[in-house]
Every structure is written in structure tokens, then in C-alpha cells.
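Inspection log for the structure reproduced underneath, given as C-alpha cells.
First the proteins, then the strands, lettered A, B, ... as listed; each starts at 1. Because the structure is a prediction, the values reported are computed rather than measured.
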Amino acid sequence: MIDAAALDRARRQLLAAGLGIGLGVAWRPAHALSDELAGALRAFTGGAATREGKVSFDIAPLVENGNTVPITVTVDHPMTAAQHVQAIAVFNEKNPQREVVACQLTPRAGRAVVSTRIRLATTQQLVAVAKLSDGSYWTHTVDVIVTLAACIE
Amino acid sequence: MARALIHLPAAARKGEVVEVRALIAHAMETGYRAGADGRILPRDIIRRFSCRYDGELVFSADLYPAVSANPYFAFFLTADGSGSLTFTWEGDNGFAQTETVTITVS
């Protein structure tokens, strides 16, 4: 006869193990950049360190048509002469070229928000980088699934 | 002349932050696609877009082949005073176009 308490303990251990696996998946470095993408980012920043945060890269996680994908990059930062966002750039992992678009902003642009439409060749990782007037760089990395690729062949 | 569409409020209050949207008709041929004869079509893209407010730069962008056909940009602008906004697009094969829009600030 199996002890009910032992069974309960086993159940709890199993649940805890399952939770551990779940957390492990969630905490895996999802935003580890591929070498090429990291290289493009380094070329843009001139080797300066980048940090995650401040930037919000808005793109549909599931893209049905890669020919025209609306994106919006928002930087949570004031736009004054003393403190502003100087540049916003977007890089991709698997298009023929790493660069997507690079925007330069001045304090006269009242809000650090840029929207445009881009092409995506395949399911891949994208990164948005913002350069602030204090010289720091902030990033946001997203993964998108593309069902219909942009014509590149 | 390519067709360009520019949207912004015709009038704004001083200090108000307004959204500017600009679109231009352009194929943005990437240079990675093959034509009907199987040969790669040469690249023909807009490489640079800029917006100036009474001559002072507000927003500019470097475009790459990954920007969709008919490039569209939306950004913000602080309306400081009545004046003109000059939009410039420059690209391959000597493409250059300038559009001017006036904004009234009260």
C-alpha cells in the first residue's frame, strides 16, 4: 500500500521540477544576439556598451507579409536640448543586409518616436538601438515569425 | 516627380507636439531580386530622407534596401512658430525630390 503522504510529496517534487524547467526556459538568454547582428550593432555604437531598456520596439510577433511590416520604435526619454535621443537604428539578423534603417533626431522632434515600414526576408531577430545625447546606447530585441517572405530571390 | 503625401496639422498651438507623416511613391528596388530574364535587377532605392523646419534639421533617416516600397515615415515635431517644413528624398540614379509644407502656429 502506498503512503498517501509520500505520494503527495512526490507530486509536489514533480511540480517543483516542472516549475524549475519552466523558469529555465523563460530565463534562457532569449536575446543573445547572433554574431553578425552583434557585429552590426558594434559598428553602429563604435564598440560602446549597450543596455537593454528605455527602447520599445513595436512590431507584430507574427508577420503575414514580409514585404511591408509596420514598425514603431519608442524611446522613453525627454527631447530637450540638454537631454535627447540622437539616433534610432534598426538591425536585422537574416535579411541580405544587416541594416534596416537609421534615423537621426534633434531636440526639435518633440517625441522620440519613429514609425516606418520594413521588409523581412524570413523569421528572425530584430534589434532597435537608441543613442542618447549622453552617449549611452539602449536596445530592445524582438523575435518575429514571418509566414510570407519579402521577395529577395 | 514621384507622388509624395505629407500629413500634418495645418495649424497648431505654440509648443504643441504634432505628428508628421510622409510617404513617397518609390519602388525601392533592393538589388537582390531577379527580373523576368533571370538577371539581378540593379538596386534603385532612396538612401536619405530629411525634414527641416525653417532650415533647421528635425528628423533625417538613412534608408537601406530593407525599407519597404513607398517609404513611409512618421515622427514628431515641436511646433515653435509658423514656418515651412521642407522634406527631401535623395537616392540612387540621381533621385531627388523636395516638398514644402507650411504650418501655422498660434
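No more than 12 heavy atoms of other residues, nucleotides or ligands sit less than 6.0 Å from atom CG of A:D35.
The choice from A:V114, A:T116, A:L105, A:L120 that makes the most heavy-atom pairs within less than 4.5 Å of chain B is A:T116. Comparing A:P107, A:A87, A:A102 by how many heavy-atom pairs each has under 4.5 Å with chain B, the most go to A:A102. The most heavy-atom pairs under 4.5 Å with chain B, out of A:S115, A:A89, A:C103, A:A112, come from A:S115.
Of all residues spanning residues 68-81 of chain A, those with a heavy atom less than 4.5 Å away from chain B's heavy atoms are A:T68, A:V69, arranged by number.
Contact annotation: the side chain of A:R98 never approaches that of A:L41 to less than 4.5 Å [non-hydrogen atoms, C-beta and beyond]. The shortest distance between side-chain heavy atoms of B:M1 and B:Q97 falls below 4.5 Å.
A salt bridge is absent between B:D62 and B:R47; no separation between the charged side-chain nitrogens and carboxylate oxygens falls under 4.0 Å. A salt bridge links B:E56 with A:R108; the closest basic N to acidic carboxylate O contact falls under 4.0 Å. Under a 4.0 Å N-O distance rule, the pair B:D80/B:K14 does not qualify as a salt bridge.
With a 4.5 Å cut-off on non-hydrogen atoms, B:R52 does not touch chain A at all. At a 4.5 Å heavy-atom cutoff, the contact between B:L23 and chain A is made by side-chain atoms alone.
Shortest non-hydrogen contact noted between B:A79 and B:Y53 is CA-OH, 3.7 Å.
For residues 74-104 of chain B, every residue pair satisfying the ring-ring contact (aromatic ring centres under 6.0 Å, His included) rule, not counting sequence neighbours, is listed here: B:H26-B:F95, B:F49-B:W89, B:F59-B:F75.
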